[in-house]
Amino acid sequence: MDTLAALLDSPLALKVNVGVGVALFVAFLVYWFSREGRDERGRRVVSVAALAAFVMLFVALNAFGVLYPWMVEGGWVRVANCLQLAYGVVLLTADAAILVARRSRLE
C-alpha cells in the first residue's frame, strides 16, 4: 500500500494519468465521429460501450467512496490522481467494449 500511496502522491503521475485519460477520450471520440460509428451498427456498438462504461462507473465510484478517507489524508494530489484513475478506468472500459463489440455480431 505504501508503493501505491507514493505513486498516487506524485504530481508527475498525475500528469501522466491526465495524458492517458485524454488519449482514451480522444480514441472514443474518433470512433464516435467516424463513418463506422455513425451508421446503425456503429450506434449499437456505442450503446454497448456506453452500458459497459456505466457499469464500470458504478463500480469505480463505489470504490472511490470506500477509499475516500485514505485519499483525503494524502492531500489534493492523491485525490486528483484517484479521480483521474477512476475516469481512465471508465474510458478504458468503453474503448475496450468498442473493440470487442466491433468484432462480434450485434444483431
Side-chain angles (χ1 to χ4, degrees):
M1 195 72 154
D2 292 335
T3 306
L4 181 64
L7 180 65
L8 292 175
D9 289 342
S10 168
L12 178 63
L14 178 60
K15 290 177 184 176
V16 170
N17 211 350
V18 168
V20 169
V22 168
L24 289 170
F25 184 65
V26 167
F28 183 79
L29 286 180
V30 164
Y31 181 76
W32 180 288
F33 289 115
S34 71
R35 183 179 304 264
E36 182 184 355
R38 290 183 300 195
D39 66 1
E40 184 179 327
R41 186 176 187 290
R43 290 185 197 273
R44 278 188 260 153
V45 168
V46 169
S47 66
V48 166
L51 179 62
F54 178 73
V55 170
M56 183 52 74
L57 179 66
F58 179 76
V59 170
L61 290 180
N62 278 301
F64 189 84
V66 169
L67 296 174
Y68 187 72
W70 175 78
M71 287 184 244
V72 172
E73 77 184 25
W76 71 271
V77 174
R78 187 182 296 177
V79 173
N81 251 325
C82 290
L83 277 172
Q84 187 62 42
L85 185 62
Y87 176 68
V89 166
V90 170
L91 283 172
L92 182 63
T93 302
D95 289 342
I98 284 175
L99 290 175
V100 170
R102 282 177 63 196
R103 303 285 187 260
S104 66
R105 303 192 110 231
L106 295 175
E107 304 202 29

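In this chain, numbering begins with 1 at the start of the sequence shown. Side chains included, hydrogens not; waters and symmetry mates left out as well; all remaining heavy atoms used.
- Residue Ala97 comes nearest to Ala49 through the heavy atom pair CB-CA, 3.7 Å, listed as atom of the first residue, atom of the second, then distance.
- Separating the CZ atom in Arg78 from the CG atom in Leu8 is a distance of 7.0 Å, to the nearest 0.5 Å.
- Val100 and Ile98 fall into different hydrophobic clusters, defined by Ile, Leu, Val, Met, Phe, Trp and Tyr side-chain heavy atoms under 4.5 Å apart, directly or through other members.
- Separation of atoms CZ (Phe28) and OG1 (Thr93) is listed at 11.5 Å; rounding is to 0.5 Å.
- Atom CZ of Arg41 sits about 7.0 Å away from atom CD of Glu36, to the nearest 0.5 Å.
- Without hydrogens or angle criteria, Asn17 side chain to Ala13 main chain gives no donor-acceptor distance under 3.5 Å.
- Contact record, Ala27 with Asp95: CB-OD2, 3.9 Å, taken as the closest heavy-atom pair.
- Under the 4.5 Å side-chain heavy-atom criterion for Ile, Leu, Val, Met, Phe, Trp and Tyr, Val79 and Val77 are members of distinct hydrophobic clusters.
- When each of Leu51, Leu91, Val90, Leu92 is tested with Met56 by the rule side-chain contact (heavy atoms from CB on, under 4.5 Å), just one qualifies, namely Val90.
- Of the candidates Leu24, Val22, Val18, Val20 forms a side-chain contact (heavy atoms from CB on, under 4.5 Å) with just one, namely Leu24.
- Separation of atoms CE (Met71) and CG (Asn81) is listed at 11.0 Å; rounding is to 0.5 Å.
- A single hydrophobic cluster is not seen to contain both Val66 and Leu85; linkage of ILVMFWY side chains at heavy-atom distances under 4.5 Å, directly or through other members, places them apart.
- To the nearest 0.5 Å, atom SG of residue Cys82 and atom CG of residue Leu4 are 7.0 Å apart.
- Note that CH2 of Trp32 is 8.0 Å distant from CZ of Arg43, once rounded to the nearest 0.5 Å.
- Hydrophobic clustering places Leu83 together with Val72 (ILVMFWY residues linked when any side-chain heavy atoms are closer than 4.5 Å, directly or through intermediates).
- Put simply, the side chain of Trp76 reaches to within 4.5 Å of the side chain of Leu14, judged on heavy atoms.
- Atom CZ of Phe64 sits in a crowded spot, with more than 12 heavy atoms from other residues, nucleotides or ligands closer than 6.0 Å.
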